[in-house]
Amino acid sequence: MLHHEYTTKEVFRNNFFKDWRKEMTLEERLLITHLDKCDFTEIHRYFVDKAAARKALPKEEKQKLKEEAAKLQQEFGYCILDGHREKIGNFKMEPPGLFCGRGEHPKMGMVKRRVLSEDVVINCSRDAVPGPPVGHQWREVCSDTTVTWLAAWTENIQNRTKYIALNPSSKLKGEKDRQKYEVARRLGGLVDEIRAQYQAAWEAPEVKTRQRAVALYFIDKLALRAGHEKEDKTADTVGCCSLRVEHVRLHARAAGRQHVVELDFLGKDSVRYHQLVSVEEPVFRNLQLFMKNKKPRDSLFDRLTTSSLNKHLQHLMHGLTAKVFRTYNASVTLQEQLQVLTRATDSQADKVLAYSRANRAVAILCNHQRATPRSFETSMQALRRKIEAKEAQVAEAQEELQRAMASPRTGGDSKSRRLLQQRQQRLQRLSGQLARARAQATAKDENKQVALGTSKLNYLDPRISIAWMWLMSCRCRRFGVPVEKVYSRAQRERFAWALQEGDEHFQF
DNA sequence: GTCATGACTTAGCAGCAGGCCT
DNA sequence: AGGCCTGCTGCTAAGTCATGAC
């Protein structure tokens with residue numbers, strides 16, 4: 001891990017050293033007393049060399065390694081569930097290493113220990129129990145048909161259970177995924193009513209009811225997560241219900257808008273959420289009330305928990321929980337944006353671009369961010385150079401056109417007329433290329449910190465995309481959008497349930 | 001209501017395979 | 001054909017939510 005930023009952090013180094021010392025012999029413990037004095041470069045070089053050697057392997061050797069990996073996958077990567085051979089998601093155990101929590105995690109650097117078969121519970125039919133490694137045993141073997149995991153163990157850092165589970169391509173996962181979207185669609189039929197209800201509740205006599213109504217408004221309008229209380233010993237992150245006074249600033253007026261709420265907090269994975277949103281006057285007034293006489297570290301919604309909120313939601317609609325709002329609003333946004341942004345007569349490239357823009361609108365709504373890719377600056381520079389070159393070409397073409405027009409013979413013989421026309425076409429073509437390159441640069445820049453994958457995989461009902469592709473291809477055969485342009489191989493397998501349904505008139 | 005636990009979904013990142021350009 | 005990017009996939013952390021004991 002020497003190349004990683006983690007190793008420069010005090011918490012990481014202290015945690016690692018403390019755990020490392022536990023593994024030392026008495027002698028070692030007496031000798032090795034300061035991490036700063038330890039030099040790992042030889043060990044590091046050993047691994048760097050090993051990686052280089054692997055990379056330098058001749059073609060045939062690499063092919064052999066690949067085949068061996070495929071064999072392993074065939075042998076251990078599948079299970080039989082209800083008579084169907086299904087792919088397993090994570091069939092390899094997590095190797096030991098140093099814990100890398102996200103954000104300011106107090107446990108970063110702790111030693112994650114190797115998992116032995118003696119730690120692992122196997123869940124399968126009695127006649128299908130896989131043999132443990134030679135000389136070892138399973139911790140336990142069970143045949144619990146009420147759960148979906150195949151094996152489980154407890155990791156030593158946070159003491160949480162980890163599972164071996166099926167791949168998303170499996171029938172089981174697909175059916176669950178479909179159910180999730182069906183619940184979100186049911187919310188669609190009820191959402192106007194629910195919105196009217198929580199708006200009315202902004203004026204409720206009980207503070208508790210008002211808090212719930214404002215929280216629900218945030219969850220609906222801003223697509224916030226539920227945000228339950230977390231234990232200490234984790235990174236300090238929050239969601240809606242766990243927002244604190246210090247995360248909120250109220251501006252009676254900001255950027256020409258009234259009743260502006262500024263939210264600034266670290267959410268899941270310590271991703272920052274920072275937005276200024278204009279809200280209705282009662283919401284603003286309620287927030288003033290909730291913040292009154294509180295310290296910055298106090299809870300904003302002190303009378304509200306995720307559990308009480310979800311109980312309320314369950315009462316409004318069977319199966320309704322806070323996260324359903326994210327799914328609903330994400331999918332609805334995709335459907336709307338696709339309709340707004342695409343025309344049947346657009347080229348295929350434009351259609352695919354529009355799809356990614358609709359996808360981006362959702363990613364922004366859900367605050368799905370990523371670090372700017374490492375290659376970004378380089379590739380952006382290349383693009384800038386391309387734009388500059390195009391600009392020069394356009395200027396040159398313009399001059400040539402001017403010269404042709406200024407020529408005394410212009411408009412005279414047919415030859416000069418043709419030349420003029422050619423120059424005009426050339427200018428037009430180059431201008432078009434320039435515009436496209438500029439648009440590409442803008443899109444690249446706008447996308448550098450937006451992660452599209454998360455919403456695509458977890459929030460967007462695939463049937464919306466499929467119906468859209470179908471519509472685009474049917475309205476315009478020439479510029480149709482084939483599935484591969486939108487979904488990769490793994491994504492097509494994940495969404496097999498939706499592709500099979502194949503409803504071209506699907507409305508979310 | 002609170003807390004712990006278990007099960008399952010959602011999340012960003014690293015590394016690498018494979019597509020694209022020269 | 002070869003090298004360079006880009007986007008895919010695997011990995012595993014970090015959420016959500018239900019349940020049950022008190």
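Order of the sequence lines fixes the chain letters, A, B, ..., with proteins taken first and strands second; residue numbering starts at 1 for each chain.
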A:E229 CD - C:dC17 P separation (whole Å): 14 Å
For the residue pair A:W149 and A:Y163, categorise the inter-ring angle as parallel (less than 30°), tilted (30 to 60°) or perpendicular (more than 60°). tilted
Respond yes when some side-chain nitrogen or oxygen of A:Y487 is under 4.0 Å from OP1 or OP2 of C:dC8, and no when none is. no
Between the protein and nucleotides 10-14 of chain C, are there any N/O to N/O pairs under 3.5 Å, and if so, what are the atom names and distances?
{"unit_1": "C:dA13", "atom_1": "OP1", "unit_2": "A:K112", "atom_2": "NZ", "d": "3.1"}
{"unit_1": "C:dA13", "atom_1": "OP2", "unit_2": "A:K162", "atom_2": "NZ", "d": "2.3"}
{"unit_1": "C:dA14", "atom_1": "OP1", "unit_2": "A:R102", "atom_2": "N", "d": "2.6"}
{"unit_1": "C:dA14", "atom_1": "OP2", "unit_2": "A:Q158", "atom_2": "NE2", "d": "3.2"}

Residue pair A:S308/A:N159 against DNA chain B: nearer the 5' end by closest nucleotide is A:S308
Output, in order, the C-alpha distance, side-chain angles, deciding distance and verdict of side chain to side chain contact (heavy atoms under 4.5 Å, CB included) for A:K71 and A:E68. CA-CA 5 Å; A:K71 217 173 115 189; A:E68 275 164 25; 5.5 Å; no
Whether A:F290 and A:F301 hold their rings parallel, tilted or perpendicular, with breakpoints at 30° and 60°: perpendicular
Could you list all N or O pairs between the protein and nucleotides 20-22 of chain C that sit under 3.5 Å apart?
none

Mind calculating the distance between NZ (A:K50) and C1' (B:dG15) to the nearest angstrom? 17 Å
Spacing between A:L172 atom CG and B:dA7 atom C1', to the nearest angstrom: 12 Å
So does A:T148 get a side-chain nitrogen or oxygen closer than 4.0 Å to the phosphate oxygens (OP1/OP2) of B:dA7? no
Looking for any heavy atom pair under 4.0 Å, which part of the strands does A:R303 touch: base, sugar-phosphate only, or nothing? nothing
Got more than 12 heavy atoms from elsewhere within 6.0 Å of CG, A:D82? no
Between A:D461 and A:Q335, do the side chains contain a donor N or O and an acceptor N or O under 3.5 Å apart? no
A:L452 CG to B:dG12 P, straight-line distance once rounded to whole Å: 11 Å
For a quick test of reading the model: is some side-chain N or O of A:K66 closer than 4.0 Å to OP1 or OP2 of B:dG18? yes
Taking for each residue the nucleotide of DNA chain B bearing the nearest heavy atom, is the 5' side occupied by A:K311 or by A:V147? A:K311
Phosphate OP1/OP2 of C:dC17: any A:T321 side-chain N/O under 4.0 Å: yes
What pair of heavy atoms forms the shortest contact from A:A358 to A:L338, and how long is it? CB-CD2, 3.8 Å
Grab the CG-C1' distance between A:L313 and C:dT16 for me, whole Å please. 13 Å
State whether a side-chain donor-acceptor pair under 3.5 Å links A:T237 with A:K230. yes
Across the strands shown, which category fits A:H228 at heavy-atom distances under 4.0 angstrom: base, sugar-phosphate, nothing? base
Send over the distance from A:L150 CG to B:dA7 P, rounded to a whole Å. 13 Å
Tell me: CZ of A:R489 to C1' of C:dG7, nearest whole Å? 14 Å
Given C:dA18, is OP1 or OP2 found less than 4.0 Å from the side-chain N or O atoms of A:Q314? yes
Aromatic ring pairing A:F16/A:W20, orientation class (parallel under 30°, perpendicular over 60°, tilted between): parallel
Pi-cation contact, A:Y487 with A:R492 (under 6.0 Å, within 45°): no
Rounded to the nearest Å, what distance is computed from the NZ atom of residue A:K233 to the P atom of nucleotide B:dA4? 14 Å
Side chain of A:T161 only, heavy atoms from C-beta on: which candidate in C:dT16, B:dT10, B:dG6 is closest? B:dG6
